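For reference, the structure discussed in these notes is given below.
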Amino acid sequence: MIKKVLVANRGEIAVRVMRSCREMGIETVAVYSDVDRKSMHVRYADDAVCIGPAPSSESYLRKDKIIEAAKLTGANAIHPGYGFLSENAEFARMCEKEGIIFIGPSPYAIDTMGDKITARKTMIAAGVPVVPGTTEPILDIKTAIEVIMKIGLPVMIKASAGGGGKGMRLVKREEDIISAISGARSEAKAAFGDDAVYIEKYISSPHHIEFQILGDKHGHVVHLFERECSVQRRHQKVVEETPSPIMTPEVRMKMGADAVAAAKAVNYYGAGTIEFIVDDNLNYYFLEMNTRLQVEHPITERVVGVDLVKQQIHIANGLPLAFKQEDLKQSGHAIEVRIYAEDPDNNFMPSPGIIKHIREPLGLGVRHDGYVYEGYEIPMYYDPMISKLIVWAETRVEAIARLKRALFAYKITGVKTSIPYLHRILEVPDFINGRYNTHFIEENHEYLKKRNNCTERCMDVAAIAAFVDYITKLDSLQVEPTTKELGNSWKDFGRKRSILRL
Amino acid sequence: MIKKVLVANRGEIAVRVMRSCREMGIETVAVYSDVDRKSMHVRYADDAVCIGPAPSSESYLRKDKIIEAAKLTGANAIHPGYGFLSENAEFARMCEKEGIIFIGPSPYAIDTMGDKITARKTMIAAGVPVVPGTTEPILDIKTAIEVIMKIGLPVMIKASAGGGGKGMRLVKREEDIISAISGARSEAKAAFGDDAVYIEKYISSPHHIEFQILGDKHGHVVHLFERECSVQRRHQKVVEETPSPIMTPEVRMKMGADAVAAAKAVNYYGAGTIEFIVDDNLNYYFLEMNTRLQVEHPITERVVGVDLVKQQIHIANGLPLAFKQEDLKQSGHAIEVRIYAEDPDNNFMPSPGIIKHIREPLGLGVRHDGYVYEGYEIPMYYDPMISKLIVWAETRVEAIARLKRALFAYKITGVKTSIPYLHRILEVPDFINGRYNTHFIEENHEYLKKRNNCTERCMDVAAIAAFVDYITKLDSLQVEPTTKELGNSWKDFGRKRSILRL
Amino acid sequence: MSYEVKINNRHSTIELLSREGTKFNILIDKNYYELDIAEVEKGVYSILHENRSFNVELVEGKNSKSYIVNTLYEAFDVEIIDAETKYLMNRRKDDGEDQNVISSPMPGKVVKILFKEGDFVKAGETVVVVSAMKMESEYKVKQDRKIKRILVKEGDTVKGDQPMVVIE
Amino acid sequence: MSYEVKINNRHSTIELLSREGTKFNILIDKNYYELDIAEVEKGVYSILHENRSFNVELVEGKNSKSYIVNTLYEAFDVEIIDAETKYLMNRRKDDGEDQNVISSPMPGKVVKILFKEGDFVKAGETVVVVSAMKMESEYKVKQDRKIKRILVKEGDTVKGDQPMVVIE
């Protein structure tokens, strides 16, 4: 039985996992890099162990140090979160060998699904539809060109070991083939240490729809319905929702059954996601499986009413699933947006820095999974995601209104964030009507541009606020005590000074 | 149609109402007293109007000023929240006369249900069971004694115009009758301007269970199931949950039907609550009707999936209810706790003051309805409630665990709060087992006492933190710039100073 | 250098042995601690001891040497006792006057004063009624006393810990 | 006394006519405002104008006279222009050198420097690659240029706005 969980991650997901552990009476261990000493997961955990310098390769990716930390603190299980070591079969194997429960699937499932080409073959064997393309990894450019000419342009080049848009290139014109392949390979090499790529037919105007699945160690697998993730910028999801606005009950049932079949094909246990590419006629193809918790898992939690992290822990404990497929249903509508520390009006340039002020959205139907706080410095070494805002309402229309209301109340200063950009997405007619695919962002470029909605009065008020702040500071300086007083009453003086915020 | 809503209230409920308005695209107007200039509802609203000095009688209870503010800002509806003017029939009538929509029931329903004795008579006529007691207001002590001797001790003396535990006295012994009646009457006079009281048979070990109802202007009334509110301290609710741990489906259906009958007896429209007193054998009696939104309405919203404020607005707009009784069902379990600025270890002494630091609980299944922020001063003039923490989970056991987790992460410094006390409630066996009535707090006095769980190490750590803070301050003072520098580089100096927090 | 520290009613001696960045070696009475101490927010400290993560919040008390320290579910009064504090504590002992003052522990409004200067009050009688946050609190005497001075009048707003009545 | 204020690219004259508590009378260009202005949180102002409620957040910019001002969904650069600022602005105009510096607008790590001092680079060519938050950004020249000086080396950590390469 799991008594103490080390969370081999940082940021919001580390805190989110620890929350469920705490509800289950399970102790938690944080691991952290030098720059993360003040990070929320260190503060939230029962125990905390420093595992190295800031770069992930020297800390959060150091399997040996993480396992050492688990032993040191007596943690008998490790939850990998998402990213970092979450889809690393070797790490899962090392845990197994050390007698530590890896809260995730078997190394075999990670390996099989982690390699895109093996995964394709396995899916074909299991009768799950896949996108036309290569079944072998491409290691040289010559073969790549031959294959592409055979499949026909446009094609997508993808890293075999990849995920999250890294090492991915779309090729539409013959003259771009070489640069795209070498770009994808070097990116894949840098990100995953493996430059093998594969090639797939590119499906134009595709929807990205994924199915959450849960499997136990007794061979039971259920799906928890779909998530619509087509709002993407450079292959990174920006908005996710469930149910998908284009889904029908019939297709949902079919896709769900295929998702379960896909998981069963690798004897999957734990939480996982089957990603499908779907065309406008609801033809769907297996894209890949993520053998871990997804960033966007909370929308499923809200609509299905299941705590996925708790389920992961129950499964890791060897318990059978507490529900059957027919026990699960979707209720209402949930949407998640990801808040990034980036400047949407300046080519989404990352914006690390110190959080000067934060006010989080609250109230009915709003869940906010974050980890930053006032005075926290968002480090430049890791993913710039600040938090996830998840809303639920009875209907999609109401959920969009609620999300706008929550974004209205969500204030962060000190770093630039994607909040204004997310608000603009919610006002694009194609989004409101639920008629969008993965080209949504590029097709709605004009709608998503920054608009100056500020009237003359609004600008005047902005100027006046700064002006009043400035003259108030000046005033305070003039009532400053003289030098003589300074010696005796440094306390009062300090008080006055701390109000100045100069 | 309602276009702009003035919220005649303050604190969390004002903000909560404005949130739903914002989701509906309805503009909002805040009214505020002098001490509330910086209160969150003023910041959140589209418009804000000052209506007078701090005491409620000169601001939030000034019907004329509130109506004037509505006219000034073009608000065509007023939402009264709870407390203040929410159950004031005259105010509802004044709104009507001025062509402003009062978001609440008819003045007739407020009047009938607001006077406890008329309400009793109306319920008896409608066939709803009531507690044995007087049907006429008692205006002198002599009559009171006669009545009490007839009903038999113990009895409860209650203010006719009352609510919220004000002007209420339990009498068990004959010699206490006179002091109890005069006490109740003077408290009633002070609180409601009316010293009429009535007398009811006291039911020992009672449960307080209430039913949420919604009625439209077309004669439809539905109930949204029960709320268990038996955890009370001095007749003030502390913890509320739904479903009630003692409820059975049969009794729920019967009580629900009686709640609907009670509302229909006064042609009720809007949101309202029928409070019942319930004995251990699930015999139940009508206690009173609250003709407004309740503090604890969010647990119903969560379990039934309905936004009650939006429903109030739809009803006020004359729309028929969008659902029938059979469309509504309870899903999972919700618990609310009220966080007060008070010192639970010092006789619950109110603790107004400045919020130095706040960290709000977040994550799966947690709703937090508050209004305070860092630097906000909780004024001494109003109710000391800071916020409401509402959790939801699939089961009651999980909901309790989640609430503990949320309380663990909820940090406020600057004022004392009831958070540690609430945590202790959740650890009392009778609460965990769902076996409790309104005597819960007095019967579990020992369990609820402050315990020192801090080990020697924990005390050492507390002392060390203070010590390190102190010596760090001392150090900073020693690197203080000299007087000469002060003149030229006041900016840098101020920066250093502002870190000191002396 | 070592300091005396008062934690609730416990007196301890505390000494900083060494410090390097966030790493502190501290001796408190006879316990030796190696700690990693970081101020994460204003007045909020994250403290690691033998990999255990503690969170402590400080609120400054009456002066810069006194604190209210909040641990998970407990609050402690901590006072750093230096030469100045010792002097003040000694002086207060000699004086003893503050035992005879009725103060309101919280801000509020004086609703009623039931006696006047020179009156004698019986044990348990209410002297002043203060209202705050919709509640009225009665301030009584525990023994028979005489009202020496009344420092406030009905309707006055009082701050926390403000003396209202001096008794003999 | 009136000040000059720059809001993005708009220059305005602003004057405080009177002030009483939170009530301000202010003239900005030709617009007269009666406002109720309260600092509610550190750097957060609640401003009421003709009963309209505005919320404005200030973040200090490069110095105490420059601000980033956030209104509901917009951010403005606001600069209070006093004598000192005017002097500095004039001097900067004469100098003009800063046009020829490649700086990283955000903190990051220098991954690659593709040229050395004295090299000629063609328009559009990448000079430096900086990595921050898992993203690599390439810094290019817009016209044909010569590398004058390189101020960083590969592996260096750079701060926001730190000059990296000087070009001619």
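All figures in this text were calculated on a predicted structure; none of them were measured in a lab. In what follows, chains are A, B, ... by sequence order, proteins preceding strands, each numbered from 1.
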ask   = Between A:E27 and chain C, which part of the residue has a heavy atom less than 4.5 Å away: side chain, backbone, both or neither?
value = side chain

key: Interface moiety of A:A45 toward chain C, non-hydrogen atoms closer than 4.5 Å   = backbone

request  = Is it possible for you to check whether A:R43 lies under 6.0 Å from the centre of the six-membered ring of C:Y45, through NZ or CZ, and within 45° of that ring's axis?
outcome  = no

message = Please classify the contact of C:N55 with chain A as side chain, backbone, both or neither, using a heavy-atom distance under 4.5 Å.
response = side chain

query = Has A:R22 got its NZ or CZ under 6.0 Å from the middle of the six-membered ring of A:Y44, at an angle within 45 degrees of the ring axis?
reply = yes

ask   = Is a salt bridge present between C:E125 and C:K140, judged by a nitrogen-to-oxygen distance below 4.0 Å?
value = no

query = What about A:Y32 and A:H41, are their ring centers closer than 6.0 Å?
reply = no

